[in-house]
Enquirer: 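Just dropping this structure here.
Numbers here simply count residues along the sequence, with the first being 1.
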Amino acid sequence: FMSKWSKQSFISDLEEKCSREVVKTTRKIIDFSEKHSENLSWGRGEDHGTMTFRCMSDMGLLPLFHINSDGNINLQINFLRNKNIPKMVLRDMVVKLESNLLREYDTEMYPIDSFEPVEDLFNTKSQVIKFLKTIEGCVYRLKQ
């Protein structure tokens, strides 16, 4: 039992529980996060590891998404809706995520931020790349 997760323990747990595709996608997200997050944190849970991607903004550090070592991702769209981030930034992010991931992220279809299987969200490599580009753009714009 480890009270604090690290990249190493997270990845080995992930490899134990998930398919090779999910591991590959999640590793891409982790590598990206290490480069672009101003504050990357690893969870303290017992059952699985969690990684939280946060970025700087006028409101301080904001989480944009969480991933866990069960192979799930949680996009913090509703959390961000309740913060005072510029409407344009949020709208741009939501529009890009919706068209890329073929999902509805309005308040009716997506009323609460929840963990979704990585393999359900990303069916192609290009979806992963576009997702990361969207996050990167959001980080950049929140800093301005």
Side-chain angles (χ1 to χ4, degrees), residues 4-11 13-144:
K4 183 110 177 74
W5 291 79
S6 67
K7 179 183 180 179
Q8 285 69 33
S9 57
F10 183 100
I11 288 173
D13 196 48
L14 183 75
E15 287 172 337
E16 232 167 81
K17 295 173 176 172
C18 299
S19 71
R20 243 187 24 229
E21 263 320 289
V22 168
V23 171
K24 226 162 61 180
T25 298
T26 306
R27 287 189 85 128
K28 257 197 201 97
I29 295 170
I30 292 170
D31 293 344
F32 166 88
S33 299
E34 289 181 317
K35 282 193 196 89
H36 294 94
S37 172
E38 269 116 345
N39 178 289
L40 200 59
S41 61
W42 302 94
R44 297 173 183 276
E46 284 182 47
D47 307 327
H48 56 242
T50 307
M51 184 205 84
T52 300
F53 180 108
R54 290 185 187 83
C55 76
M56 251 319 172
S57 75
D58 291 345
M59 284 125 283
L61 284 169
L62 290 177
L64 298 188
F65 64 87
H66 309 285
I67 53 175
N68 68 27
S69 59
D70 290 338
N72 302 306
I73 187 164
N74 179 323
L75 305 176
Q76 290 290 284
I77 295 169
N78 289 296
F79 176 85
L80 294 171
R81 270 190 188 115
N82 297 321
K83 295 289 165 198
N84 256 340
I85 74 166
K87 289 268 181 287
M88 285 296 296
V89 176
L90 186 66
R91 192 165 59 226
D92 185 56
M93 178 180 160
V94 169
V95 165
K96 285 181 175 157
L97 290 173
E98 286 183 335
S99 69
N100 178 28
L101 304 174
L102 311 176
R103 288 278 199 286
E104 299 277 341
Y105 286 115
D106 59 54
T107 43
E108 230 164 86
M109 297 297 287
Y110 191 75
I112 56 163
D113 298 324
S114 51
F115 278 95
E116 287 185 85
V118 163
E119 61 194 332
D120 290 355
L121 213 53
F122 304 110
N123 301 300
T124 64
K125 216 181 275 178
S126 85
Q127 281 181 310
V128 180
I129 294 163
K130 282 182 182 160
F131 166 72
L132 297 176
K133 284 247 174 288
T134 299
I135 296 295
E136 190 179 350
C138 194
V139 167
Y140 176 75
R141 293 176 71 181
L142 284 172
K143 261 191 243 182
Q144 292 181 321

Enquirer: What closest approach, in Å, do Met109 and Asp106 show between heavy atoms, and which atom pair accounts for it?
Expert: N-OD1, 2.7 Å
Enquirer: Is there a side-chain contact (heavy atoms from CB on, under 4.5 Å) between Leu142 and Leu64 once you walk through the steps?
Expert: CA-CA 11 Å; Leu142 284 172; Leu64 298 188; 4.3 Å; yes
Enquirer: Quick one: closest heavy-atom pair of Asp70 and Lys17, and the distance?
Expert: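 Looks like OD1-NZ, 2.8 Å.
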Enquirer: To the nearest 0.5 angstrom, please state how far the CD1 atom of Ile11 sits from the CE atom of Met51.
Expert: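 The CE atom of Met51 is 10.0 Å from CD1 of Ile11, to the nearest 0.5 Å.
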Enquirer: With a 4.0 Å cut-off on N to O distance, would you call Lys7 and Asp31 a salt bridge?
Expert: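 Yes.
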Enquirer: Take Ile29 and Phe53 through the side-chain contact (heavy atoms from CB on, under 4.5 Å) test and state the conclusion after the steps.
Expert: CA-CA 10 Å; Ile29 295 170; Phe53 180 108; over 6 Å; no
Enquirer: Taking the basic N atoms (NZ, or NE/NH1/NH2) and the acidic carboxylate oxygens, is any pair closer than 4.0 Å for Lys96 and Asp92?
Expert: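 Result for this pair is yes, salt bridge flagged.
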Enquirer: Please say which of Thr52, Leu62, Leu61 ends up in a side-chain contact (heavy atoms from CB on, under 4.5 Å) with Asn39.
Expert: Leu61
Enquirer: Apply the test side-chain contact (heavy atoms from CB on, under 4.5 Å) to residues Ile67 and Leu14: give CA-CA distance (whole Å), side-chain angles for both, the deciding distance (0.1 Å), then the verdict.
Expert: CA-CA 11 Å; Ile67 53 175; Leu14 183 75; over 6 Å; no
Enquirer: For Trp42, does its backbone N or O pair with a side-chain atom of Lys4 as donor and acceptor, under 3.5 Å?
Expert: yes
Enquirer: Verify, without hydrogens or angle tests, whether Thr26 (side chain) and Val22 (backbone) share a donor-acceptor contact under 3.5 angstrom.
Expert: yes
Enquirer: If you measure only the distance, is there a donor-acceptor pair under 3.5 Å linking the side chains of Asn78 and Asp113?
Expert: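 Indeed, the side chains of Asn78 and Asp113 share at least one donor-acceptor pair under 3.5 Å.
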Enquirer: Which is it for Val89 and Met93 under the side-chain contact (heavy atoms from CB on, under 4.5 Å) test, yes or no, and what are the steps along the way?
Expert: CA-CA 6 Å; Val89 176; Met93 178 180 160; 5.6 Å; no
Enquirer: Using only atom types and a distance under 3.5 Å, with no angle test, would you say the side chain of Ser37 pairs donor to acceptor with the backbone of Arg54?
Expert: yes
Enquirer: Run the salt-bridge test on Glu15 and Arg27 with the 4.0 Å N-O cut-off and return the result as yes or no.
Expert: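 Judged by the 4.0 Å cut-off on N to carboxylate O distance, Glu15 and Arg27 do form a salt bridge.
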Enquirer: Does Lys130 have more than 12 heavy atoms from other residues, nucleotides or ligands lying within 6.0 Å of its NZ?
Expert: no
Enquirer: Can you tell me how far CG of Leu90 sits from CZ of Arg141, rounded to the nearest 0.5 angstrom?
Expert: 10.5 Å
Enquirer: Nearest 0.5 Å, what's the OG-CG distance between Ser126 and Asn100?
Expert: 6.5 Å
Enquirer: Does Thr25 reach the side chain of Leu121, with side-chain heavy atoms less than 4.5 Å apart?
Expert: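 Sidechains of Leu121 and Thr25: no contact.
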Enquirer: Examine distances only and state if a side-chain atom of Trp5 and a backbone atom of Gly45 form a donor-acceptor pair shorter than 3.5 Å.
Expert: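 Answer holds: yes.
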Enquirer: Nearest 0.5 Å, please: how far is OG in Ser57 from CD in Glu38?
Expert: 9.5 Å
Enquirer: Step through the shown structure and confirm whether more than 12 heavy atoms of other residues, nucleotides or ligands are within 6.0 Å of CG on Asn84.
Expert: no
Enquirer: Quick check for you: to the nearest 0.5 Å, what is the distance between Cys18 atom SG and Asn68 atom CG?
Expert: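 Nearest 0.5 Å value for the SG-CG distance: 8.0 Å.
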Enquirer: Measure the SG-CD1 distance between Cys138 and Ile85 for me, rounded to the nearest 0.5 Å.
Expert: 5.5 Å
Enquirer: If you look at every heavy atom in Cys55 and Val139, which pair is closest and at what distance?
Expert: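 That would be CB-CG2, 3.8 Å.
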Enquirer: Tell me whether Ser69 contacts the main-chain N or O of Gly49 through its side chain, where contact means a donor paired with an acceptor under 3.5 Å.
Expert: yes
Enquirer: Kindly say whether the aromatic ring centers of Phe131 and Phe32 come within a distance under 6.0 Å.
Expert: no
Enquirer: Could you check if a side-chain atom of Glu34 sits within less than 4.5 angstrom of a side-chain atom of Leu40, using non-hydrogen atoms only?
Expert: yes
Enquirer: Over all heavy atoms of both residues, which pair between Leu101 and Gln127 is shortest? Give the atoms and the distance, please.
Expert: CA-NE2, 4.0 Å
